[in-house]
Amino acid sequence: PGHIHRVLTLIAAVPLAGAIFDCAENALATYMVVGQPTDHLAQIAYAATTAKMACFYVGFFMSLIGLLGLFVQRKKVEAEA
């Protein structure tokens, strides 16, 4: 249980990393609008967007798994009663 708990805790922090990538993406986009856009900044912004979306999908699937776990647990409790 200790190892699984650590892995799940690490995965639970992934949406927080997604928020950080979102902030970085917004900051880069603002800088490119206000300042001088370059290809290098656009590539970094694209990488931040890709990382943000990957974090979003991990969080989304973890939420679905959590909801599924709640329903499975309820059915077990109802079957025992």
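The residues of the chain are indexed from 1 along the displayed sequence.
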Report, one line per pair, each donor and acceptor closer than 3.5 Å where one atom sits in a side chain of residues 11-32; sequence neighbours left out.
unit_1	atom_1	unit_2	atom_2	d
Glu25	OE1	Lys52	NZ	2.8
Glu25	OE2	Thr49	OG1	2.9
Asn26	ND2	Asp22	O	3.3
Thr30	OG1	Asn26	O	2.8

Taken to the nearest 0.5 Å, the spacing of Ile65 CD1 from Leu8 CG works out to 9.0 Å

Would Val72 end up clustered with Leu67 when hydrophobic side chains under 4.5 Å apart are linked, directly or stepwise?
-> no

message = Would a single hydrophobic cluster contain both Val7 and Val58, if residues Ile, Leu, Val, Met, Phe, Trp and Tyr are joined by side-chain heavy-atom contacts under 4.5 Å?
response = yes

The complete set of salt bridge (Lys or Arg N to Asp or Glu O under 4.0 Å) pairs with one or both residues in residues 40-49, sequence neighbours excluded, reads none

